[in-house]
Chemist: 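Could you have a look at this structure, given as structure tokens, before my questions?
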2 protein chains.
Amino acid sequence: MRVLKYAILGLLNRKPMTGYDLSKEFSYQIGNFWSANHSQIYPELKRLLDEKLVVYNIEISGDVLEKKVYTITEKGRKEFLKWLNKDEPMEPTPKNVFRLRMYFSNNLDIETRIRLLEHQLVQHEEKLAFLLSEMQRYSGVPPFDSDDFGDYLVLDGAIMREKTTIEWLKKCIKICQSKTNCDEERN
Amino acid sequence: MRVLKYAILGLLNRKPMTGYDLSKEFSYQIGNFWSANHSQIYPELKRLLDEKLVVYNIEISGDVLEKKVYTITEKGRKEFLKWLNKDEPMEPTPKNVFRLRMYFSNNLDIETRIRLLEHQLVQHEEKLAFLLSEMQRYSGVPPFDSDDFGDYLVLDGAIMREKTTIEWLKKCIKICQSKTNCDEERN
DNA sequence: ATTAAACATGTAAATGTTGACATGTTATAT
DNA sequence: ATATAACATGTCAACATTTACATGTTTAAT
């Protein structure tokens with residue numbers, strides 16, 4: 001599939017960047033649905049260079065530090081657009097360790113279930129708050145041909161996803177609590 | 001992390017099974033958040049056997065076919081429960097190729113964007129219909145200590161997730177259509 | 001009887017991903 | 001001046017995952 005290849009080409013299609021810059025990009029918006037460490041990025045850049053999909057220029061930072069600023073080639077742009085236009089079938093649902101735990105949660109104390117759920121909840125609430133703060137910079141749908149367009153759509157999707165996860169976690173907590181309440185009433 | 005290890009232990013903790021049975025399990029409910037091919041399952045079972053977390057009995061099917069029916073050991077159950085009780089931090093958001101495409105969608109014709117979005121939409125609607133049919137078998141929250149409890153919670157979560165994805169896709173389509181309408185009015 | 005689908009168990013190669021190892025520079029704050 | 005954080009680029013080993021290779025049996029339909 002080589003998805004990282006296309007993620008990098010797509011980012012370089014926006015503007016020339018170093019491997020380090022690409023690495024940082026994956027901690028921003030794009031990180032909500034794709035990411036890679038620098039240990040994966042540098043070898044991939046080398047490969048893209050071999051395939052003549054990118055080229056680089058050396059820029060000197062300070063006195064001696066050589067930065068490799070990568071630029072997408074015409075061939076690279078063509079391959080990227082070919083990939084982008086492809087209509088591929090839905091991927092299998094993503095793996096999720098927490099949901100796996102909940103799948104087996106009948107083997108846990110009710111109190112433990114609630115504790116685990118509540119820990120997830122605070123984390124997802126923090127994540128949502130962060131995403132909402134990111135959304136602040138948009139007053140409406142950005143121009144259809146601007147880089148911000150996709151950024152806006154997927155940010156919106158990420159917010160919806162977090163909200164639903166939070167709703168689900170709260171529902172699960174409520175269900176577990178209804179059990180503890182029942183038990184207390186019996187005593 | 002060895003998540004597959006715990007997924008298998010968890011399933012064997014429910015009831016003894018063959019590698020083939022485990023493989024099939026991943027196409028059922030648990031497949032909504034974890035899966036593995038038989039090529040990963042058989043070696044993992046061998047490893048769990050070495051670690052004395054499982055044992056197997058041979059059952060003859062028909063005349064000669066030897067089935068290895070795996071059972072979890074006390075040691076295996078202990079390790080599984082230890083893992084299950086662990087409170088781990090939220091995982092990074094899952095990778096999603098379609099959202100990556102949408103992130104770069106400013107490079108696509110509006111018509112192509114709509115076509116790709118609508119193709120995803122029908123697939124997610126089918127998936128939702130399937131999940132809802134699965135939910136039919138529950139008339140309420142199953143007993144808190146039954147295997148069905150976790151099954152119910154995650155099925156509910158999967159349904160909520162699909163509904164949100166569908167809502168997002170429709171929103172994206174609407175946004176793209178508002179652009180084509182605008183353009184038509186100008187002509 | 002025959003055939004096709006489902007049952008059943010494995011290995012091997014390639015690919016994708018993470019975490020650790022390894023090194024050095026530049027800018028900022030104290 | 002000096003220490004620290006951020007900048008910058010790479011490799012390597014281990015682990016996880018997918019796809020293809022490889023083989024054979026049993027059950028159900030025709």
Side-chain angles (χ1 to χ4, degrees), chain A residues 1-8 11-12 16-28 30-31 33-51 54 56-70 88-89 91-97 100, chain B residues 1-8 11-12 16-28 30-31 33-51 54 56-70 88-89 91-97 100:
Chain A
M1 290 263 293
R2 294 199 58 194
V3 181
L4 180 59
K5 164 181 168 177
Y6 298 106
I8 290 176
L11 288 170
L12 293 180
M17 267 187 267
T18 66
Y20 189 81
D21 293 331
L22 286 165
S23 186
K24 271 196 304 178
E25 281 293 325
F26 288 117
S27 65
Y28 303 147
I30 194 176
F33 40 86
W34 208 266
S35 71
N37 299 327
H38 75 276
S39 56
Q40 212 184 342
I41 292 169
Y42 288 115
E44 188 62 41
L45 279 171
K46 192 182 261 179
R47 197 169 164 191
L48 294 176
L49 198 67
D50 288 344
E51 298 171 317
V54 301
Y56 70 80
N57 287 90
I58 287 183
E59 268 183 27
I60 305 292
S61 185
D63 291 327
V64 290
L65 207 167
E66 296 189 349
K67 292 204 298 184
K68 292 184 181 177
V69 181
Y70 288 86
E88 275 170 319
E91 293 166 88
T93 40
K95 296 186 175 184
N96 186 310
V97 181
L100 183 66
Chain B
M1 289 263 293
R2 298 203 48 199
V3 181
L4 180 59
K5 164 181 168 178
Y6 299 106
I8 290 176
L11 288 170
L12 293 181
M17 268 186 265
T18 66
Y20 188 81
D21 293 331
L22 285 165
S23 187
K24 271 195 304 176
E25 281 293 325
F26 289 118
S27 66
Y28 304 147
I30 194 175
F33 39 86
W34 208 268
S35 70
N37 300 326
H38 75 276
S39 56
Q40 213 185 343
I41 292 168
Y42 288 116
E44 187 63 41
L45 279 171
K46 192 182 260 180
R47 196 168 163 193
L48 294 176
L49 197 67
D50 289 343
E51 298 170 317
V54 301
Y56 70 81
N57 287 90
I58 288 183
E59 267 183 28
I60 305 292
S61 185
D63 291 327
V64 292
L65 208 166
E66 296 189 348
K67 293 204 298 183
K68 292 183 180 176
V69 182
Y70 288 86
E88 275 170 319
E91 291 165 90
T93 39
K95 296 185 174 183
N96 186 311
V97 180
L100 184 67

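In what follows, every chain begins at residue 1, and chains take the letters A, B, ... in the order their sequences are listed.
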Chemist: Just so I know, are the side chains of B:Leu45 and B:Leu22 near enough to count as touching, which here means a heavy-atom distance under 4.5 Å?
Modeler: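 Result yes, sub-4.5 Å side-chain heavy-atom pair found.
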Chemist: State, yes or no, whether a side-chain contact exists between B:Glu51 and B:Leu48 at a heavy-atom distance under 4.5 Å.
Modeler: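 SC-SC contact between B:Glu51 and B:Leu48 confirmed.
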Chemist: Which part of the nucleic acid, if any, lies within reach of A:Ser39 when heavy atoms closer than 4.0 Å are counted: base, sugar-phosphate only, or nothing?
Modeler: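 A:Ser39: base contact, heavy atoms under 4.0 Å.
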Chemist: In whole angstrom, what separates B:Tyr42's OH from D:dA16's C1'?
Modeler: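 Taking atom C1' of D:dA16 as the reference, OH of B:Tyr42 is at 19 Å.
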Chemist: Round to a whole Å and report the spacing from CD of B:Glu91 to P of D:dA16.
Modeler: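 The answer, rounded to whole Å, is 14 Å.
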Chemist: Taking the side chain of A:Lys46 as its heavy atoms from C-beta onward, which of C:dT9, D:dG10, D:dT18 lies nearest to it?
Modeler: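 From the listed options, D:dG10 comes nearest.
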Chemist: Please state how far atom CD in B:Glu66 lies from atom C1' in C:dA8, giving the value in whole angstrom units.
Modeler: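 So the CD-C1' distance, B:Glu66 to C:dA8, works out to 11 Å.
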Chemist: Within this structure, what is the CG-to-P distance between A:Asp21 and D:dT9, rounded to whole angstrom?
Modeler: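 Checked: the CG to P distance equals 8 Å.
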Chemist: Given B:Thr18, which partner from the list B:Lys68, B:Lys24, B:Lys67 fulfils the side-chain contact (heavy atoms from CB on, under 4.5 Å) test?
Modeler: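 Of the listed options, the one satisfying the test is B:Lys67.
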Chemist: Could I get the full list of ring pair (Phe, Tyr, Trp, His ring centres under 6.0 Å) partners for B:Phe26, not counting sequence neighbours?
Modeler: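 Checked B:Phe26 against ring pair (Phe, Tyr, Trp, His ring centres under 6.0 Å); zero matches.
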Chemist: Would you kindly give the CD-to-P distance between B:Glu44 and C:dG10, to the nearest whole Å?
Modeler: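 Value for this atom pair: 14 Å.
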Chemist: Taking side-chain hydrogen bond (donor to acceptor under 3.5 Å, both in side chains) as the test, write out the residues that go with A:Lys5, two or more places apart.
Modeler: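 Expected list: A:Glu79.
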Chemist: Assign each of B:Lys67 and B:Pro43 to its nearest nucleotide of DNA chain C by heavy atoms, then name whichever residue's nucleotide is nearer the 5' end.
Modeler: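 The answer here is B:Lys67.
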Chemist: Which whole-number value in Å describes the distance from A:Ile41 CD1 to D:dC7 P?
Modeler: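 Distance, rounded to whole Å: 14 Å.
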Chemist: Would a 4.5 Å heavy-atom cut-off, applied to side chains only, mark A:Met17 and A:Val69 as touching?
Modeler: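 Result no, sub-4.5 Å side-chain heavy-atom pair not found.
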Chemist: To the side chain of A:Asn37, which of D:dT11, D:dT9, C:dG19 is closest?
Modeler: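 Per side-chain heavy atoms of A:Asn37, the pick is C:dG19.
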Chemist: What nucleic acid atoms does A:Lys5 come within less than 4.0 Å of, heavy atoms only: base, sugar-phosphate, or nothing?
Modeler: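 No contact.
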Chemist: Roughly how many Å is it from NZ in A:Lys24 to C1' in D:dC7, rounded to a whole number?
Modeler: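 The answer, rounded to whole Å, is 8 Å.
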Chemist: Output the single nucleotide from C:dG16, C:dC7, D:dA8 whose closest atom is nearest the side chain of B:Tyr20.
Modeler: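 Taking heavy atoms from C-beta onward, the closest nucleotide is C:dC7.
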Chemist: Base, backbone or nothing for each nucleotide of nucleotides 22-29 of chain C, written B, S, -, heavy atoms under 4.0 angstrom, 5' to 3'?
Modeler: --BSS---
Chemist: If you define the side chain from C-beta out and look only at heavy atoms, does anything of B:Val3 sit under 4.5 Å from A:Lys95?
Modeler: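 In short, these two side chains do not touch, never coming nearer than 4.5 Å.
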Chemist: Report the distance from atom CZ of B:Arg2 to atom C1' of D:dA14, rounded to the nearest whole Å.
Modeler: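 About 13 Å, once rounded to whole Å.
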Chemist: Between A:Arg47 and B:Val69, just flag the one whose closest nucleotide in DNA chain C comes earlier from the 5' side.
Modeler: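 Counting from the 5' end, the first nearest nucleotide belongs to B:Val69.
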